[in-house]
Structures are given as C-alpha cells and as structure tokens.
Amino acid sequence: MFQDTPIYSRLIAEHGDVPAQVRGEADRIHRHLTQVMRLPAPQRAPTPGPGLAHAAPAPGPGRSGAAP
C-alpha cells in the first residue's frame with residue numbers, strides 16, 4: 001500500500017516493519033483462538049449430594065445465626 005513512498009521506507013528502516021509484525025501477531029492469536037474454540041466444553045460440576053442439599057443458609061448481614 002505505502003511501500004513506494006520514501007517516508008514509509010524510512011520508517012521501516014528506523015523502526016522495523018511494525019504493520020507486518022502486528023499482522024503476524026494477529027494471525028498467531030487467530031490460529032490459537034481457533035484451536036481453543038474447537039476444544040470440547042468442560043464437564044459441568046456435579047450437583048450437591050444429599051448431605052449438602054438441606055444445609056442451612058449462612059447468616060447474612062444483621063443476622064446472628066442463632067435460631068429464633
């Protein structure tokens with residue numbers, strides 16, 4: 001696009017080809033995300049067992065936790 005302009009050539013000489021580096025990094029991230037998105041979804045956590053299903057709720061603000 002700008003390769004034929006003197007200012008672009010001077011910037012590349014002074015700072016390196018930053019747009020090419022950014023494109024390369026974006027391509028690398030895109031490939032990585034494509035691989036990650038293809039992984040199967042993690043298994044869901046098991047539901048609480050019978051001992052945990054009837055547990056009393058923790059006391060909230062302003063509650064002492066003592067039975068009325």
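This one's a predicted model, so the numbers in the text were calculated from it and none came from an experiment.
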Can you tell me how far NE2 of H30 sits from CD of Q35, rounded to the nearest 0.5 angstrom?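 Here the rounded value is 11.0 Å.
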
pair H32-I29: side-chain heavy atoms closer than 4.5 Å: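 No. Closest side-chain heavy atoms not under 4.5 Å.
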
Under the side-chain contact (heavy atoms from CB on, under 4.5 Å) test against T34, which residue among R38, M37, R31 passes?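 That would be R38; it is the only one of R38, M37, R31 passing the side-chain contact (heavy atoms from CB on, under 4.5 Å) with T34.
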
